[in-house]
Trainee: 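A single structure is presented below for examination.
Numbered from 1 within each chain, the chains take letters A, B, ... in sequence-line order. Side chains included, hydrogens not; waters and symmetry mates left out as well; all remaining heavy atoms used.
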2 protein chains.
Amino acid sequence: MSESVRLEALEVLDAIDRHGSFAAAAASLYRVPSAISYTINQLETELGIRVFDRTGHRAVLTPAGQLLLTEGRRILIATRELAAAARRQADHWEPELKIALDTTQKPADFYPLIAEFTRAHPAINVRINEEVLAGSWEALVDERVDLAIGVTDPPANAGIHRRQCGRIDFVFCCAPTHPLASAPTPLTEDAIRAHRALVVADTARQFSPRSGNLIDGQARLTVASMRTKIEALERGLGVGYCPTHWVDDALAAGRLIALETMPPATMRETYLLWRRGERGRALQWFIDRLTGDLPD
Amino acid sequence: MSESVRLEALEVLDAIDRHGSFAAAAASLYRVPSAISYTINQLETELGIRVFDRTGHRAVLTPAGQLLLTEGRRILIATRELAAAARRQADHWEPELKIALDTTQKPADFYPLIAEFTRAHPAINVRINEEVLAGSWEALVDERVDLAIGVTDPPANAGIHRRQCGRIDFVFCCAPTHPLASAPTPLTEDAIRAHRALVVADTARQFSPRSGNLIDGQARLTVASMRTKIEALERGLGVGYCPTHWVDDALAAGRLIALETMPPATMRETYLLWRRGERGRALQWFIDRLTGDLPD
DNA sequence: ATAGTCATTCAAAATAATTGAATGATCTTG
DNA sequence: CAAGATCATTCAATTATTTTGAATGACTAT
């Protein structure tokens, strides 16, 4: 009456099924057969149903017993996993680590690191969000992510720890067919302003969107990611600054051309950000790796 | 050591969280506070971790304890649902009823019946497959479904129970723009053979496909369902027999025209089929309803 | 037929859970 | 700031539950 199904009973049910009889199950659990009968009886009276059909020599599962067995196994597994997860959590290994990756970073550059982590810690889930400009910072503050990688110009905040983890050079690009491609360089702001800028949308939800490398008064085409921005640049839909490592291939293949600007494209430092006080070991693992040998 | 997490402990954890303190939880469980301490201590020693932080006045969950609470609640719910499902199963209410609906039947005709059933038995899942010709029968024999509705010409089989549940009239149809539309009626087999037949593909996987209402030597266009067949007929892609209730609208709207044939279209009886010996109450519910007042 | 296996029952023994009183720590409130 | 209230823990005693072991009857295989 207190609890209708006890894990103990599900455990016994599993043992009976796997060993073929009450007696064999009893042996496998280092108990006596009557103890098995007792547990199954208790289960049956509690549920008010028959779990085994005893008309024959050996007891055989009823359909309801079959259901209890198969679904019960799921519950047993979930329970064991919960115990393991709780122990890991107590050991400061998070069950899940959520990472915001700034769109200036190429996700593929991080795959080897992720692969290494998941190999070492198969039970810990890793989730990667791609974020733009203030999006990473906001996600961190809102506790939607635990670590932000590759953020440029993070605001100062006492609750957020930062560490420089690389630098990014930008280059002004457009398609070879774009009118600006044949303009005299270095390009002035006025020359650029006459053409549509390709902008990756800030993923921040609440904070006022920042704009990076942008000239006031310029028409914009806003896209969702760096990858889309570069595709749009290649198709001549606009112009804009891109991280050099994102456009190396396109520049080498002639799908884009680089143009000097005045003032020149600024180099920016990229930061690793995490909430001060968070001491999860998975988080620490990534921080150590990313500031030890810089992936960029 | 025997079981690392007991449902009892998860229950207590839940009560502590919901009532705010060990003392309040004890009251809600009609036990004494020390019993709560005992259970939590047992959980902690079992897992080898702290579940509550007792530095302050009142005990507060550690991150690991939080994990145990939230995930543990899922397990408690799953366990209660399992108990309920086992009782229903023992009461001969199947956890799920799988129905094969022959393509000669319009699914919409059965929605009210399904709705009535799911309203009366919200916990029982209903799954409907649409099947063609031998497909329903095969799905039944293979135990992929429990009930087949609207099957024509079912083979005799000792293990399969059948009951007539309606009849279907067929009518030979084509688009008004189709060459046959202006041919002299009744159409002879030779006249029909010259034109492509629209055929719904038999969904049987192993048994040799049957063909319904088909003349040998006729070119075919095979489609996946009666709905597709009628759409293809309307677009003049072929000719063929259709159940009258499927094409009423199209005939009335002039999108299809009906043609007499010699020999004339045959009426077929439709059957309800289920495996002999299956006595589930959900199955019986549908059998009773479908043979009580015929939905067709 | 007979020896072996199987599940059950029941009383006894062993184990586990619960209680209640005592304790110290912390919070509330006047 | 002191007094009273609330909180969680401990420990020995009590109560409840589980496990055992021996006896029993039912079935199987040889």
Trainee: Hey, can you pull the residues of residues 50-62 of chain B with a non-hydrogen atom under 4.0 angstrom from DNA chain C?
Mentor: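 B:H57 - these, ordered by number, are the residues of the stretch whose heavy atoms sit under 4.0 Å from the strand.
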
Trainee: Among residues at least two apart in sequence or on other chains, which ones pass side chain to side chain contact (heavy atoms under 4.5 Å, CB included) with A:F117?
Mentor: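 Scan of A:F117 (side chain to side chain contact (heavy atoms under 4.5 Å, CB included), adjacent residues dropped) gives A:W93, A:H121, A:I124, A:V126, A:A282, A:W285, A:F286.
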
Trainee: Specify the closest pair of heavy atoms between B:K98 and B:R144, including all atoms of both residues, with the distance to one decimal.
Mentor: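 Closest approach of B:K98 to B:R144: CE-O, 3.1 Å.
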
Trainee: Measure the distance from CD1 on A:I40 to C1' on C:dC6 and round it to the nearest whole Å.
Mentor: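 Value for this atom pair: 15 Å.
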
Trainee: For the helix from C:dA1-D:dT30 to C:dG30-D:dC1, measure the angle between the helix axis at one end and the axis at the other, each built from five pairs, rounding to 10°.
Mentor: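 Its terminal axes enclose an angle near 40°.
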
Trainee: Quick check: closest heavy atoms across B:S21 and B:R58, and the distance to 0.1 Å?
Mentor: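 It is CB-NH2, 3.6 Å.
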
Trainee: Residues in salt bridge (charged side-chain N to carboxylate O under 4.0 Å, His left out) with B:E81, at least two apart?
Mentor: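 Here no residue qualifies.
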
Trainee: Within the 3.5 Å criterion, strictly below it, is a donor on B:H92 or B:R281 matched to an acceptor on the partner's side chain?
Mentor: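 Result is no, nothing qualifies.
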
Trainee: Do B:Y271 and B:T152 come within less than 4.5 Å of each other through their side chains, counting heavy atoms only?
Mentor: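 No, their side chains stay 4.5 Å or more apart.
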
Trainee: Work out which heavy atom in B:L10 is nearest to a heavy atom in B:L68; give both atom names and the distance.
Mentor: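 In terms of heavy atoms, the two residues are closest at CD2-O, 4.0 Å.
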
Trainee: Under 4.0 Å, heavy atom to any atom of DNA chain C: which of residues 16-26 of chain A qualify?
Mentor: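 A:S21, A:F22, A:A23, in order of number.
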
Trainee: Using a 4.0 Å cut-off on heavy atoms, which residues in residues 28-35 of chain B reach DNA chain C? List them by number, or say none.
Mentor: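 B:Y30, B:R31, B:V32, B:S34, B:A35 - these, ordered by number, are the residues of the stretch whose heavy atoms sit under 4.0 Å from the strand.
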
Trainee: Using whole Å, what does the distance between atom C1' of nucleotide C:dA17 and atom CG of B:L43 come to?
Mentor: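 Spelled out: CG on B:L43 to C1' on C:dA17 is 15 Å.
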
Trainee: For B:L97 and B:E94, work out which heavy atoms get closest and say how close.
Mentor: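 In this case the closest contact between B:L97 and B:E94 is CD1-OE2, 3.8 Å.
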
Trainee: Check whether any side-chain nitrogen or oxygen of B:Q42 sits under 4.0 Å from OP1 or OP2 of C:dA17, and answer yes or no.
Mentor: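 Yes.
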
Trainee: Using atom CD of A:E8 as one end and atom P of C:dA16 as the other, report the distance to the nearest whole Å.
Mentor: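 After rounding, the gap between these two atoms is 12 Å.
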
Trainee: Using a 4.5 Å cut-off on heavy atoms from C-beta on, say whether the side chain of B:E96 contacts that of B:R127.
Mentor: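 Side-chain contact under 4.5 Å: yes.
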
Trainee: Does any part of the side chain of A:D146, heavy atoms only, come nearer than 4.5 Å to the side chain of A:R275, both counted from C-beta?
Mentor: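 A side-chain contact exists here, since the closest heavy-atom pair is under 4.5 Å.
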
Trainee: Just wondering, do A:R73 and A:D14 contact through their side chains at under 4.5 Å, heavy atoms?
Mentor: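 With C-beta onward as the side chain, the pair touches.
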
Trainee: Respond yes when some side-chain nitrogen or oxygen of B:N41 is under 4.0 Å from OP1 or OP2 of D:dA8, and no when none is.
Mentor: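 Checking B:N41 against D:dA8: no side-chain N or O falls below 4.0 Å of OP1 or OP2.
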
Trainee: On the nucleotide D:dT19, are OP1 or OP2 found under 4.0 Å from the side-chain N or O atoms that A:Y38 carries?
Mentor: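 For A:Y38, the contact criterion (side-chain N or O under 4.0 Å from OP1 or OP2 of D:dT19) is not met.
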
Trainee: Side chains of B:I40 and B:L13: does their closest heavy-atom pair fall under 4.5 Å?
Mentor: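 In short, these two side chains touch, coming nearer than 4.5 Å.
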
Trainee: Tell me the closest heavy-atom pair linking A:A86 and B:L67, and the distance in Å.
Mentor: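 The answer is N-CD2, 3.7 Å.
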
